[in-house]
Amino acid sequence: MTTIALIGPGAVGGTIAAWLAQNPALSVTVCARTPFEGLEVQTPGGLITANPAVLTDPAKAGPVDWVLIATKTYDTASAQGWLDALVGPQTRLAVLRNGVEHVEPFLDRLPAERIAPAVVDIPAERNAPGRILQRRDGWIRVPDDATGRAFVALFAHTPIAVSTTPDFRTEAWKKLALNCAGAVNALLLKPAGLAHDESAAQVMRTLVAECVAVGRAEGADLPDDLPDTVIAGYRAGAPDGINSLHADRLAGRPMELDARNGVIVRRGAAHGIPTPANAMVVALIKAAAG
Ligand SMILES: NC(=O)c1ccc[n+]([C@@H]2O[C@H](COP(=O)([O-])OP(=O)(O)OC[C@H]3O[C@@H](n4cnc5c(N)ncnc54)[C@H](OP(=O)(O)O)[C@@H]3O)[C@@H](O)[C@H]2O)c1
């Protein structure tokens with residue numbers, strides 16, 4: 001029996017935990033901040049339910065084969081108690097989150113070869129604790145190494161397209177390019193259809209162009225037309241879609257601003273690449289959010 005503990009059973013984490021729990025060969029425990037009874041996920045193929053053990057106290061947890069962390073990036077510090085309890089000498093960690101800094105925050109816990117950074121494209125919303133709407137089957141990509149391949153194997157029974165990629169860095173920066181543009185929605189509090197406004201779209205393209213320049217300096221293989229591709233994607237999607245930065249701002253929660261835009265400024269500065277548009281959007285959202 002493979003033991004799995006999922007920290008952060010929100011939209012992504014709850015969906016993943018419910019799918020993994022469908023396999024009786026996997027023992028899934030959920031490490032939650034807000035307790036709930038059972039998971040119900042409305043998936044594209046119908047409702048799935050699961051009743052994993054739900055822990056809210058790290059003192060009740062012990063080492064497992066796999067830890068999957070799916071908290072927002074700003075909740076990394078608050079999850080440390082779980083990592084203390086769950087990580088043993090053989091434990092592998094999968095980091096399911098946005099951004100390009102999956103591994104670094106955990107290197108004091110376990111070596112890089114036992115960490116699977118994961119780019120997640122599973123659009124999901126949590127309507128209440130344990131109640132989630134998964135809008136597409138979606139996909140997850142991890143590096144093509146032993147830990148990545150072991151992670152992929154956990155999902156063999158699910159319709160989620162989980163695969164390895166030989167160029168994880170490029171995958172992560174491509175997702176960052178998409179996410180950094182969403183800061184304009186969060187700043188103006190306007191949903192995805194804002195990308196049809198050509199002036200707003202031009203600001204988004206500028207954010208993405210800076211991301212491309214910095215990502216290339218970091219070794220990502222990003223195409224010249226990525227800014228236009230990102231805008232085309234926003235325009236093709238639901239006009240009322242609200243990205244998670246925007247949703248967090250609306251709800252008065254912390255925001256993944258540093259993971260989605262601040263990182264472009266920080267890494268740009270390290271390479272001597274100017275990123276004034278991302279710096280401005282970070283400053284304005286911080287000021288607007290108070
Ligand atoms: N949602 C999407 O469609 C989507 C798609 C792709 C990528 N992502 C990325 O995936 C990551 C997770 O996003 P999400 O949308 O799933 O976030 P979310 O719905 O806000 O879920 C985060 C979960 O983490 C829990 N949590 C926070 N601190 C905790 C702690 N110390 N111990 C245990 N649980 C803790 C929260 O608990 P509470 O119940 O108390 O709030 C919540 O259940 C983010 O990096 C996001 O950008 C999201």
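Just so we're clear, the structure is a prediction, and the values are computed from it rather than from any experiment. Just so you know, ligand 1 is whichever comes first in the structure, and atom 1 is the first atom listed for that ligand. By convention here, the first residue in the shown sequence is residue 1.
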Provide the number and element of each atom of ligand 1 under 4.0 Å from a heavy atom of [X].
X    : value
N98  : 7 (C), 8 (N), 9 (C), 45 (O), 46 (C), 47 (O)
I122 : 2 (C), 3 (O), 5 (C)
V120 : 6 (C), 7 (C)
G8   : 23 (C), 24 (O), 25 (C), 34 (N)

Any salt bridge between R267 and E210, counting N to O under 4.0 Å?
no
Can you tell which of [options] gets a heavy atom nearest to [atom]?
atom                    : options             : answer
atom 11 (C) of ligand 1 : V30, L96, T76, T56  : L96
atom 39 (O) of ligand 1 : R33, Q80, K72, R126 : R126
atom 29 (C) of ligand 1 : N243, V12, T71      : T71

Suppose we screen for ring-ring contact (aromatic ring centres under 6.0 Å, His included). Which residues come up paired with W82, at least two apart in sequence or across chains?
none
For residues 180-191, which residue pairs pass the side-chain hydrogen bond (donor to acceptor under 3.5 Å, both in side chains) check, not counting sequence neighbours?
none
Can you find a non-hydrogen atom of P129 under 4.0 Å from ligand 1?
no
Contact check, K175 vs ligand 1, heavy-atom distance below 4.0 Å
yes
Cationic tip of R141 within the cone over W139's six-membered ring, i.e. under 6.0 Å and within 45° of the normal?
yes
Please report whether the ring centroid of H102 lies less than 6.0 Å from that of F168.
yes
Heavy-atom nearest neighbour in the protein, as seen from [atom], with distance rounded to 0.1 Å:
atom                    : value
atom 21 (O) of ligand 1 : G10 CA, 3.2 Å
atom 22 (C) of ligand 1 : A70 O, 3.8 Å
atom 15 (O) of ligand 1 : A11 CB, 3.7 Å
atom 27 (C) of ligand 1 : D75 OD2, 3.2 Å

